[in-house]
Every structure is written in C-alpha cells, then in structure tokens.
There are 2 protein chains.
Amino acid sequence: MTLPNDPALSDRTSDALTAAHLYYMQDLTMDAIAHELHTSRSSISRLLSQARATGLVDIQIRSPLDATSSLEKVILDRYRVTAHVVPVPDHASDVDRLERVALSVARILGQFFDSNMTMGIAWGSTMSAISRHVTPKTTHNSHIVQLNGAGNMRTTGLDYASEILRRFGDAYGAHVEQFPVPAFFDDPATRQAFWRERGVTRLLEMQGRLDVALFGLGSPFSDVPSHVYAGGYLEDGDYDALSRDGAVGDVATIFFRADGSTDGIALNERSTGPEFSVLRRTPRRICVVSGSSKLASLRGALSARLITDLFIDEGTARALADS
Amino acid sequence: MTLPNDPALSDRTSDALTAAHLYYMQDLTMDAIAHELHTSRSSISRLLSQARATGLVDIQIRSPLDATSSLEKVILDRYRVTAHVVPVPDHASDVDRLERVALSVARILGQFFDSNMTMGIAWGSTMSAISRHVTPKTTHNSHIVQLNGAGNMRTTGLDYASEILRRFGDAYGAHVEQFPVPAFFDDPATRQAFWRERGVTRLLEMQGRLDVALFGLGSPFSDVPSHVYAGGYLEDGDYDALSRDGAVGDVATIFFRADGSTDGIALNERSTGPEFSVLRRTPRRICVVSGSSKLASLRGALSARLITDLFIDEGTARALADS
DNA sequence: AAGCTGGCTGAACATATGTGCAAGGAGCGG
DNA sequence: CCGCTCCTTGCACATATGTTCAGCCAGCTT
C-alpha cells in the first residue's frame, strides 16, 4: 500500500477545487467545466463527487431561526435542549431511521468540531453508523477521546471500538486516544486500581476537559436492545440487578433511572464510562437517538441533564413532545 | 401588490427546509422526497431551487489552506492581501470575466457580512453585476451604506445606484442608507457646505465606522473605461486634469496615482467619496477586479493599501503576479 | 356569480449527471 | 524488458434533474 501524499495529491485536489468553484460558484455545467479543464465530463462528475465526499465542498442548511419546526420549539421549551429533528417518514423501519439520523449527524457534526478541540465519543450501533459517514474536515491539534472501555469476555472489543474512533480521527485529522479497558470490570477494586495508573489518569483528565461529547443511548429493557446488551458484555445476573435498581438506560455504560439518578446502581461501580458529574463539565453534549424504543431511556437522560444538543428522528421527537 | 408573508410563507419555507434536509443531508433522490412529501418530483425540484436561491441551502468551498493556489500565495507574499482567484479561461471575453467574478463574489459575500454589521458599498458596473446575484442571508440590525454620490448632469443617477443598494439590502435584510448627492460637485465649496448638514454628517460618520467595504476599481485611461467615465459624470476638461495630475484609477470616485497618493489631484476636492484615510479605518476592504485593463489601477490601489481582500479573475491575477 | 389574473401543479419532454465497463498507462518486481 | 497490478480515463448507457406547457384553483373585480 502506498501513501498518496501531498506532492501528487495537490494536483488532483486543486483540480477538484477549481471544478467545485466553477460548478457551485459559477453555475457552469459539468460539460463546460470538462472543456475548460481539458478532460471528459465523467471525470468532472467524479472530481466533484470527491470534492463533496472529502469536505472540500461544504453544504449547510440554515434555518432562518424563526422557521424552526414547532417540534424543536416544544422540546426546547420543555427540556431546555436544542433539538435537531431529522425528517423520516413514519412508516420507516428502525434500521432506516437509525441510518438516516446517523447520516444527518455525520454531515452536520463538522459544525460542532474544530481545531484545538477535544471530542469524547462513545461506541455502539448509533456511533458506528455515524462513523461510517462522517464528512471529513481538516482540523489541527484536535483530539478524539474514547469515553468508555469496550472489551468483553468474548473479544477484546478493541477492533470494534477502535474502528469507530479511527474513522472519526481520520475524517478530522485528529489524534485518537483509545481507552483499552473492558466495558465493565469484574471487580470494582480492579477499576480503582487501574484508575490510578498514569496512562489511565491522563485519559481521565482529558475526559474531564472535553469540548464536545457525542453519544447514543442504551435502552436495556426495550424490545430492540442496544449493542451493549447484545454483545455479550452483560450476564443474566447483571440484567436482574439493573432491573432491581430501576435502571432505564445508559450513556457510555453508566446507567441511570427515569429521574436521572445513578446512585446505588451497582453495575456503575464496575463500569468504565465517565461519571455524569464529570460528563456534565463538557459544554456541548450531543445525543443521537432514533427509534421510539429509546424513549424511556431518553427521558431519563434528559432528567439527568446529560444533553445539550439532541438529534432525533421525527417520529420519536413527536412522541417525546406529545407525552 | 400583496405582501406574501410570515403566516403563509412559513409553510412553503418549512417544506423547502425539509426537502433540503432530505436531499442534501440524507442523499435521497428527488423522486423519493416527492413521495415522502406527497407531491410531484417537479415540485421538489422547484422547492430545492428556491431553497438554494434564498440561501436556505448554503454551499461553501473550503480550501485546506495548504492547497491555496500558488497565485494566491504570491499575491499574499508580495502585497499582504488575501487574494481569491476566480478561475476563468484565458480566452473569455471581458464581459464574461466580469460576470463570472461577480457571480463568485455574490455567492461568497455572505461569509463576510453578518448581523450587527455595517457594509459600505460603491457603485459601478462591477458592483451592479454583483448586486444582481447576491445570495440572500438573513441578518439583523445590519446596515448598507452608500460610499459615494451617484448624481450627474444628465440624471440624478439615483435610480441606478439605489437599485444596486436595494438589492444588497433586500438580500441581507439590511437597512439601506443612500447618499443622495451628485458624484462630483461643481464647486468644492458646495461640498464643504453640504458636509456640515446633519443628515450628511450622520452618513459620513457611518462611513467612518464600517465593518466591511466593497468596491470595484475605476480605470480612467484604459481601453475599457469604467461606468463613471462613460456615464457623463466627467467632462473633457476633467480628463485632462486627471491626466495632468497623474491619476491611474479611482475607488469610489476618489482618484489616486500609481504610487497610491491622492494629494493634489484637483478632482478629489469635488468628489463625494470617502477619503482614503477614512476608508482605511474599515477592517475589511474587499476589492473586486476583472480584466487586465484594470491592472494599472489595481497596482495603485494596492500601493495605497486600500485593499485587504481581493477578488480577481485568473488571467489578471497572473498578470499581477508576473509583473 | 361570471370573468379575470396570477401563481401553482404535474405530465411530458429536454438536459444534465452518475456509473459499468473496456482500454490505456504508470509503477513495480521479477 | 516483460508482465503484472492498480488506478485512471472516456464512452455509452442508465438515472436523475430542470423546464415547458396546459390546466386548475384562489382571490379579486365587476
């Protein structure tokens, strides 16, 4: 594998840049551009695709503020959270919803992340879907930090989580800080010991100084269990305990009740995710939700004041607003 | 004439917003969107056109900094000015060049102008072309201020200039402050008297506190004379005087020499444009140039340090860099 | 209420854009 | 230097998008 880099890349990139200019700023047709650049129309088509895919061309949608959907207004008023409702037809499947919400988030995320920033991200099916679509944006001196461990009894889980992290890191040109620990320790004492290791404290400190946090929601007792619950991270006994403790959901493997409280939920003692008091230090906390099976979990997360920005599919948003 | 406003408009706008989301964020095809929105594909096409035209959808091109064209680098190094080179084929006519540069500027201008800002603008064929294409952007408490008078012996010139101003004002939802005076007074004393009128001093003060200034260049002695020179603003005697005084160009009807100096150019005493010492207080001064006939004038304006941002067609940029 | 106007719609057609494929060319290892 | 792979190109076709036009409806005038 060769690394196609700066010297050669420049040429193609600057062509793409020119083509984009001619197409998007001057409204020339691809045919005309092909002529100016002495190549074929198809090449221009491909060049422009690349320009969009690599973030050279950035397409944003700016609501005139006064035209925000009434749903978003209701959610803001009721929960003090900036909602971004993703339009999705009501009859769409859960997979569709997730995919479409993830795509939207992936496209918009660049507006929240910039040079010199640190972003914490969780893992799970939602994050995975987003990671597959992130639109690149060049940043400098920026970091992506893993919020919680991903190992389990069957696999190290590293491949899965690190793949997600890596995609974000690649897209933004950011340093990636993995967190190579299991999702849950067997013994709380082990965690405490680990937390005193220097490599680990460094990472925990970064988690305490995030600019952005990005996470989905777990919903252990819904019809469509999240990745954590299907992936062999938890045993039957754990489920029973969670149920007894009244947990309705989790963020980065920290569980909470309907009222947002976490105290006394035994499993949290063994979890590797950041305590909510730490997470809440992050100024912008972006939660991505799709599918009404997450509704109970979402209400809990809102009670816990974990969320500042919420991306949510239309149907679920309506359910939230109607309740 | 009815004013189609908020109540009804909202509906169409929010549809456009949804369609834009589905098209640009979720990559649905127009057909699919038509289906979701229960309308025809053609309507979606029109809806999306409108969304782009009204600035709901904002398309930007972001060079990765390290990929700025070498031309732009040379100009920055030599003149300390941020150049934006507009690609235009060498064989293009002067009219083409002007039109294409103007279109590019019109699209990008929104990035320089925002709420609570005041922008001064000149008039002339360049500004007119830009005004015909400005992409709307909603701002609040912003102002557009006319830099120099536009009346002449034949007409009040008000229609022409005010049309330009109005287009900018409409596009940005900005207050428009016209400057209802001739381009040149016959007698310098009249100007001085006028300048003490309260209505006028208010405007002059605004000119001294601009956030952005936008102007083209006049080039009195080139093959393709600018609007000022063709529009009956100047008489033969004026030309002779300018020639004697060594003028090579003007910005907002203030003339300058090749070295950027303005002192002792008689016509300036009667002109209504802002003195360069005043203009230079504006932090961002955007100059738009197309066609190599403006080259001499451009060099003068650069010497006068009038420009912070330069939009220029490729051929002229190359000529500037090669010299 | 009839008649008019202007704006909006969808069907049909005209263009513009995306993509599979075979061919050509650069780089590399033998 | 050959033969290989991998990447890129332009052509031809498949899709997607833009635009014209006739019909319709709402709102207004008479």
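The basis for the numbers below is simple: all heavy atoms, side chains too, and nothing from hydrogens, waters or symmetry mates. Each chain gets a letter, A, B and so on, in the order its sequence line appears, and its residues count up from 1.
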What is the separation between atom [atom1] on [X] and atom [atom2] on [N], rounded to the nearest whole Å?
X: B:I44; N: D:dT15; atom1: CD1; atom2: P; answer: 21 Å
X: A:D31; N: C:dA14; atom1: CG; atom2: P; answer: 18 Å
X: B:L47; N: C:dG7; atom1: CG; atom2: C1'; answer: 15 Å
X: B:L48; N: D:dT19; atom1: CG; atom2: C1'; answer: 15 Å
X: B:H35; N: D:dA16; atom1: NE2; atom2: P; answer: 15 Å
X: B:L28; N: D:dA16; atom1: CG; atom2: P; answer: 12 Å
X: A:Y24; N: C:dA16; atom1: OH; atom2: C1'; answer: 13 Å
X: A:M30; N: D:dT15; atom1: CE; atom2: P; answer: 18 Å

Can you find a side chain N or O atom of [X] that sits less than 4.0 Å from OP1 or OP2 on [N]?
X: A:R46; N: C:dG20; result: no
X: B:S42; N: C:dG10; result: no
X: A:Y23; N: C:dA16; result: no
X: A:T29; N: C:dT17; result: yes
X: B:S43; N: C:dG10; result: yes

Nearest heavy-atom approach of B:T54 to B:P136 is O-CB, 3.6 Å

Could you verify whether a donor N or O on one side chain and an acceptor N or O on the other, from A:R167 and A:S131, lie under 3.5 Å apart?
yes

Compare all side-chain heavy atoms of B:Y24 with those of A:R107 and state whether any distance is below 4.5 angstrom.
no

Taking the side chain as every heavy atom from C-beta outward, state whether B:E36 and B:L22 have any pair of such atoms under 4.5 Å apart.
yes

Scan B:T39 against the nucleic acid and name what it touches under 4.0 Å (heavy atoms): base, sugar-phosphate only, or nothing.
sugar-phosphate

Residues at least two apart in sequence or cross-chain that pass ring-ring contact (aromatic ring centres under 6.0 Å, His included) with A:F215, listed by chain then number, are none

Which nucleotide, D:dT9, C:dT9, D:dT19, lies nearest any side-chain atom of B:R12?
C:dT9

Would you say the side chain of B:R41 and the base of D:dT15 hold a donor-acceptor pair, judged only by whether the two atoms sit under 3.5 Å apart?
no

